[in-house]
Amino acid sequence: MESVQVMVAESYMDDESLIHAYPSNRNSEYLSESIGLYMEYLLIVEDEKTFAEQVLLLKEHFLVQDEEFYFLRWRLNENATVNALIDDIRIISALQQAAETFGDPEYEKMASQLSLAISSLQKQDDAIVDFYDWSMDIPANRLTLSYLVDSEIIAETSAVLLEQLDASQVFFPEYYDVTSGQYIQGDEVHMIDQLLIALNREIRGFHSEVLLKWLKEQWDSEQKLYGRYDRESFKPNVEYESLAVYSYLHAYFIQVGEQRLAAEVLEHTQQLANNGILDNAHFFDFIHYELMLAKSQSSGSRIISE
């Protein structure tokens, strides 16, 4: 069986080894998100050489210096002058871990440079926000709640937004508007956002019992979870299943101690992968599936042979 690195190189990389979003489609987007997720995977398998190659690509194509600050373009586009908080945090965390794992202080230096820009400029009223536009010198006015991962970059003034969420409803709001001081929700909910919010709340000791109850009922009755749902009716708005959704669902069930359900999610996801869903998967879904397998193997979870 081909290694993940070979599959990425053959299906998702162009001639410069930059990762595009869809397999064999070089016209699809090139995202800092993709590099960050791949770096996370390479750390798990301790592939120092390929990790270093990705960092070099990050520096050559995504890194921007504006006066004394360093930023990462969220996508490769000549007009892209903003970063993305969640992608930056993931990359910074990977660099910090790599500095320790591979013994390279240059990774820690780069992580510090990126962190400084966020902590210095990417704020509104002391709250971390989604992005910073260095061409306009303007930070965003909102904070996406699923971005509030467990990171030292996320100040307590921002992390407290997870604690203050109304957990009596099944679904959480998606954003916090810094200007108005209000939580904002849409009619349609994306399960990746909902699962990330619940997972980040759980890590901080805040339980989401109503959502968890709904997830368990959905899984036990349907043995699947769709990508998007209507907030009021709780009915799916789409017919597709997402490997990334299942990766986060698996992680959430493990976090709340539902090992049986986590194992069932893992088994179902592998069946989807074996049935061809990976053939046209966005890199986000592809690498989340591989991350789920790698983390499960390292923790001793049951893996079905392919």
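Residues take their numbers from the sequence shown, with the count starting at 1.
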Determine whether the aromatic ring centres of [X] and [Y] lie less than 6.0 Å apart.
X	Y	value
Tyr248	His288	yes
Phe171	Trp214	yes
Phe102	Phe51	yes
Phe286	Tyr12	yes

I'd like to check [X] versus [Y] (side-chain heavy atoms, cut-off strictly below 4.5 Å). Are they in contact?
X	Y	result
Thr81	Val64	no
Ser208	Phe172	yes
Leu272	Tyr289	no
Ile154	Leu148	yes
Leu57	Ser17	yes
Glu174	Leu145	no
Glu258	Lys216	yes
Tyr229	Met191	yes

Would you say [X]'s side chain and [Y]'s backbone share a donor-acceptor pair under 3.5 angstrom?
X	Y	answer
Ser32	Asp87	no
Gln122	Asp130	yes
His282	Phe284	yes
Arg73	Asn83	no
Tyr41	Gly36	no
Asn77	Asn79	yes
His207	Glu209	no
Ser28	Tyr22	yes
Gln223	Trp219	yes
Ser112	Glu108	yes

For the atom pair [atom1] ([X]) and [atom2] ([Y]), what is the distance rounded to the nearest 0.5 Å?
X	Y	atom1	atom2	answer
Leu143	Asn141	CG	CG	11.5 Å
Leu199	Ile203	CG	CD1	4.0 Å
Asp150	Arg204	CG	CZ	5.0 Å
Glu290	Asp285	CD	CG	12.0 Å
Arg90	Leu37	CZ	CG	4.0 Å
Tyr107	Leu95	OH	CG	8.0 Å

(request) Run the numbers on Thr179 and Gln124 for side chain to side chain contact (heavy atoms under 4.5 Å, CB included), then give the verdict. (result) CA-CA 8 Å; Thr179 304; Gln124 290 274 22; 5.7 Å; no
Under a single-linkage definition using a 4.5 Å side-chain heavy-atom cutoff for Ile, Leu, Val, Met, Phe, Trp and Tyr, are [X] and [Y] assigned to the same hydrophobic cluster?
X	Y	value
Leu56	Tyr38	no
Trp74	Phe62	no
Leu31	Leu72	no
Phe131	Tyr30	no
Phe234	Val189	yes

(request) Any chance you could lay out the side chain to side chain donor-acceptor pair (under 3.5 Å) test for Asn237 and Asp230, step after step, and finish with the verdict? (result) CA-CA 6 Å; Asn237 282 353; Asp230 181 87; 4.7 Å; no
(request) Under the side chain to side chain contact (heavy atoms under 4.5 Å, CB included) rule, what do Val55 and Glu106 come out as? Steps first, then yes or no, please. (result) CA-CA 10 Å; Val55 174; Glu106 286 299 310; over 6 Å; no
(request) Give the C-alpha distance, both sets of side-chain angles, the deciding distance and a yes or no for side chain to side chain contact (heavy atoms under 4.5 Å, CB included) between Lys123 and Val129. (result) CA-CA 6 Å; Lys123 289 182 177 181; Val129 290; 5.8 Å; no
Exercise: identify the closest heavy-atom pair between [X] and [Y]:
X	Y	result
Ser158	Asp126	OG-O, 4.5 Å
Phe283	Ser34	CE2-O, 3.4 Å
Met292	Thr269	CE-CG2, 3.4 Å
Leu195	Val245	CD1-O, 3.5 Å
Gln54	Ile19	OE1-CD1, 3.9 Å
Leu293	Gln270	CD2-NE2, 3.7 Å

Answer yes or no: are there more than 12 heavy-atom neighbours, outside [X] itself, under 6.0 Å from its atom [atom1]?
X	atom1	result
Gln164	CD	yes
Asn275	CG	yes
Glu239	CD	no
Glu217	CD	yes
Asp220	CG	yes

(message) Check for me whether Arg142 meets the cation-pi criterion with Tyr175, that is, NZ or CZ under 6.0 Å from the six-membered ring centre and within 45 degrees of the ring axis.
(response)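 Because its charged atom sits under 6.0 Å from the ring centre and within 45° of the axis, Arg142 does stack over Tyr175.
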(request) Evaluate the criterion side chain to side chain donor-acceptor pair (under 3.5 Å) for residue pair Glu241 and Tyr246; output intermediate values, then yes/no. (result) CA-CA 8 Å; Glu241 296 175 76; Tyr246 286 141; 2.4 Å; yes
(message) Assess the residue pair Val265 and Glu267 against the criterion (side chain to side chain contact (heavy atoms under 4.5 Å, CB included)); give the C-alpha distance rounded to whole Å, side-chain angles, the decisive distance to 0.1 Å, and a yes or no.
(response) CA-CA 5 Å; Val265 171; Glu267 180 176 347; over 6 Å; no
(request) Determine the sole option in Leu161, Leu162, Ile184, Leu165 for which the side chain to side chain contact (heavy atoms under 4.5 Å, CB included) test with Tyr176 is passed. (result)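 In the set Leu161, Leu162, Ile184, Leu165, the residue that makes a side chain to side chain contact (heavy atoms under 4.5 Å, CB included) with Tyr176 is Leu161.
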(request) Using the side chain to side chain donor-acceptor pair (under 3.5 Å) rule, take Gln97 and Ser93 through it: C-alpha gap first, then chi angles, then the decisive distance, then the call. (result) CA-CA 6 Å; Gln97 293 179 52; Ser93 176; 3.1 Å; yes
(message) For Glu10 and Gln5: C-alpha separation, side-chain torsions, deciding distance, then whether side chain to side chain donor-acceptor pair (under 3.5 Å) applies.
(response) CA-CA 9 Å; Glu10 291 182 348; Gln5 292 91 319; over 6 Å; no
